[in-house]
J.: 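First, the structure itself, so that you have it in front of you.
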Protein chains: 2
Amino acid sequence: MSYTEELGIRAKAAEAAAAGASTLQKNNALAAISKALIANKELIIAENAKDIVNAKANGMTEAKQDRLKLDEKRIEGIAKGVDELIALADPIGEIIGGGCRPNGLQIIKTRVPLGVIGIIFESRPNVTVDAAALCLKSGNVVILKGGKEAINSNVCLGNIMRKAIEEAGLPADMIQVVDKTDRETTTELMRLNGYVDVIIPRGSANLIQAVVKNATVPVIETGAGNCHVYIDDSADLGMAVEITDNAKTQRPSVCNAIESLLVHKDIADKFLPLIAERFKQHDVKIYGCDKTISILGDTVEKSTETEYATEFNDFIIAVKVVDNIDEAIAHIRKYSTRHSECIVTSTLENAQKFQKQVDAAAVYVNASTRFTDGGEFGFGAEIGISTQKLHARGPMGLTELTTVKYLINGNGQIR
Amino acid sequence: MSYTEELGIRAKAAEAAAAGASTLQKNNALAAISKALIANKELIIAENAKDIVNAKANGMTEAKQDRLKLDEKRIEGIAKGVDELIALADPIGEIIGGGCRPNGLQIIKTRVPLGVIGIIFESRPNVTVDAAALCLKSGNVVILKGGKEAINSNVCLGNIMRKAIEEAGLPADMIQVVDKTDRETTTELMRLNGYVDVIIPRGSANLIQAVVKNATVPVIETGAGNCHVYIDDSADLGMAVEITDNAKTQRPSVCNAIESLLVHKDIADKFLPLIAERFKQHDVKIYGCDKTISILGDTVEKSTETEYATEFNDFIIAVKVVDNIDEAIAHIRKYSTRHSECIVTSTLENAQKFQKQVDAAAVYVNASTRFTDGGEFGFGAEIGISTQKLHARGPMGLTELTTVKYLINGNGQIR
């Protein structure tokens with residue numbers, strides 16, 4: 001039996017207990033995890049230090065080392081995140097619909113866990129705890145495969161959580177951390193049909209594409225965000241500057257930040273200098289079309305198809321002046337990853353047209369794309385932001401980690 | 001550009017019109033399809049006759065030839081099925097949820113089409129029309145790839161529908177029928193990421209597994225049904241006979257028919273002869289465990305793991321006598337394809353235990369598994385029965401052919 005198959009068998013063996021656990025049991029287990037994280041702070045920091053030593057030896061950038069690092073404050077933050085899940089409503093057992101059929105059959109549509117969830121992720125070790133806690137609260141079993149650069153941290157966090165939930169009366173195998181770092185193990189995990197019900201990749205576009213290509217288990221794609229803001233000719237220019245600046249610079253590394261700015265030709269002369277002034281404060285590098293360059297001058301580099309298609313995740317933006325809203329929508333249809341798109345306008349007709357014709361998980365009128373987030377949407381927490389259309393679209397909270405089961409009660413009905 | 005890529009480009013070009021079509025436009029198009037099918041009866045029968053000639057030449061069984069055949073009555077039935085969709089509620093545009101966030105942002109969760117749906121199916125040409133009509137009503141574009149044995153019928157039906165919807169003012173490319181029959185085209189279709197949003201295979205277990213293995217586009221698995229009935233010791237034996245007989249013999253070729261019968265040891269002596277008597281009327285071949293053989297005698301062949309794991313789709317059943325409900329549930333967990341499972345019991349505790357612990361799309365108490373069907377569930381129509389947990393589980397109606405879109409309205413909100 002292979003290593004991953006063993007993981008799968010253990011996960012499936014824990015499935016019934018996970019699905020049958022009461023909300024109280026699951027909340028107790030979450031509290032136990034949070035407490036154990038705090039109690040084991042020193043151990044976590046010591047194991048994390050090994051990863052940092054390796055990272056330095058391997059020449060990892062300072063920025064990436066910072067994302068990898070766990071200190072007392074960060075561990076407290078992670079534990080607090082687990083505590084916050086306790087207050088959230090348990091989706092399991094919710095009755096979603098149903099009724100009585102003419103023949104007297106009662107059909108009840110109810111919410112049940114997905115089963116076994118595989119999470120494949122990179123670098124930040126906090127994902128290990130966040131994802132495990134969300135899966136636990138939603139009655140799912142989880143197999144976590146993190147990046148090799150965080151292996152010591154991840155295994156340590158996994159062991160602490162396993163011990164904690166076991167002491168709280170749930171099977172330790174509801175949470176398993178893959179302690180191998182080779183590529184073959186990851187590929188096997190994506191192909192564990194019969195054991196794993198869904199794979200959720202979290203990380204770079206490369207990671208996600210590798211999973212989509214190689215998995216035979218159903219996948220939920222997350223995170224790719226080539227997002228746009230379009231400034232209509234009727235826009236309030238002050239509002240347009242604030243929204244564009246916020247969507248680009250408040251946290252450029254995340255998927256709901258914008259990568260491109262589209263501006264109606266009739267206001268480009270006024271608006272572009274205003275936003276360029278603001279971008280200067282954050283040293284935002286601007287690529288632009290010929291019209292953009294003619295307005296903003298030589299500091300702007302010429303944008304090609306490549307820039308319009310790139311998710312920079314950085315203080316970089318591609319700008320295009322468009323003739324009208326139709327050209328803006330056509331551009332977005334061509335380049336968008338269908339994550340979050342925004343129009344700034346004061347024309348009702350254009351607002352409606354944009355929301356109807358732009359195909360994305362979240363389509364904004366007069367607000368920053370940065371709000372596409374489980375917390376901001378009021379879900380309490382999120383496991384990722386789905387950019388596919390199947391199963392879940394947009395921020396995925398606890399509900400998105402469930403499926404349905406029809407309970408059918410009769411008294412001898414036959415066809 | 002490849003043949004399939006061209007299909008994909010055409011489909012995407014029709015997507016906005018399909019998504020934006022009003023319910024009235026879509027209903028008019030459905031009425032036009034129905035009318036055109038009736039008006040072109042002779043043409044359809046003539047094209048279908050070519051398929052039947054080929055089928056005979058290739059030695060297809062009479063039963064399969066019958067499934068392939070289209071006559072006047074069947075065409076009228078297909079047209080009637082299209083007409084019936086007109087009366088169903090349009091899921092597109094439904095507001096599913098939302099509200100106002102503390103910062104004043106209004107979030108509206110609304111239902112939109114999936115986009116482009118690829119349907120890969122076998123033999124029966126009525127699927128061409130059924131699937132196309134369901135996709136049309138739900139605002140989706142469809143690419144239909146049927147089996148090579150029905151190619152003349154499928155292409156003919158496709159052309160009639162395309163012409164009809166075009167005359168009704170919608171793009172013909174909302175419905176495309178693949179007119180190539182080679183395996184490469186099918187594989188390419190499953191890998192048309194960026195053009196196709198979901199693939200739904202309909203047909204044999206082999207077809208479905210080939211799609212699951214080779215597709216990179218998200219797949220909804222349908223149809224595999226290794227379903228069980230468990231007769232508890234507290235069961236009303238008269239009801240147990242009716243349900244078991246109905247679930248096995250009323251239409252054994254479909255996925256919601258049972259393949260195995262589990263019987264509590266305390267009632268096996270009484271129940272097995274009763275059901276065996278009934279099965280004799282349909283010449284049902286019985287495989288059984290040693291206890292079954294000791295009760296029913298030598299006409300029963302010994303059942304191995306293979307029989308318990310087989311979806312016969314025929315007048316064949318595998319029987320096992322179990323010690324208690326726990327053994328029954330464990331057997332079901334091991335062999336079930338998680339489609340439809342049934343307990344016949346008069347004990348509340350066992351009914352609840354069975355519905356809680358058995359993991360399947362539909363879990364029945366005292367009713368035949370044959371009710372797992374979009375029509376019987378009151379959905380009006382179905383595109384298939386999902387046996388996976390992601391996106392849709394159980395019968396899939398119009399709603400299951402949709403995804404969501406968040407419309408977010410602000411007045412300058414930033415983070």
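Values below: all heavy atoms of this structure, side chains included; hydrogens, waters and symmetry mates excluded.
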J.: Can you tell me which portion of B/A16 sits under 4.5 Å from chain A's heavy atoms? Options are side chain, backbone, both or neither.
T.: both
J.: Pick one of side chain, backbone, both or neither for A/L114, based on which atoms fall under 4.5 Å of a heavy atom in chain B.
T.: both
J.: Identify which part of A/E400 has an atom lying under 4.5 Å from any heavy atom of chain B, answering side chain, backbone, both or neither.
T.: side chain
J.: Using heavy-atom distances under 4.5 Å, tell me whether B/D236 contacts chain A through its side chain, its backbone, both, or neither.
T.: neither
J.: Is it the backbone or the side chain of A/N214 that comes under 4.5 Å from a heavy atom of chain B, or both, or neither?
T.: neither
J.: Which atoms of A/V404 are under 4.5 Å from chain B, going by heavy atoms: the side chain, the backbone, both sets, or neither?
T.: both
J.: Could you give all pairs that pass the salt bridge (charged side-chain N to carboxylate O under 4.0 Å, His left out) test and reach residues 242-255 of chain A, with sequence neighbours left out?
T.: A/E242-A/R278, A/D245-A/R278, A/K248-A/E259
J.: Under 4.5 Å heavy-atom distance to chain B, tell me which part of A/A360 shows up: side chain, backbone, both or neither.
T.: backbone
J.: Return the orientation label for the A/F377 and B/Y406 ring planes: parallel under 30°, perpendicular over 60°, tilted otherwise.
T.: perpendicular
J.: Counting only non-hydrogen atoms closer than 4.5 Å, does A/V112 touch chain B with its backbone (N, CA, C, O), its side chain (CB onward), both, or neither?
T.: side chain
J.: Applying side chain to side chain contact (heavy atoms under 4.5 Å, CB included) between A/T387 and each of A/R393, A/R338, A/E221, report the one that passes.
T.: A/E221
J.: A/L105 versus chain B, heavy atoms under 4.5 Å apart: side chain, backbone, both or neither?
T.: side chain
J.: Quick check: are there more than 12 heavy atoms from other residues, nucleotides or ligands sitting under 6.0 Å from NZ of B/K356?
T.: no
J.: So which part of A/Q355 gets closer than 4.5 Å to some heavy atom of chain B, the side chain, the backbone, both or neither?
T.: both
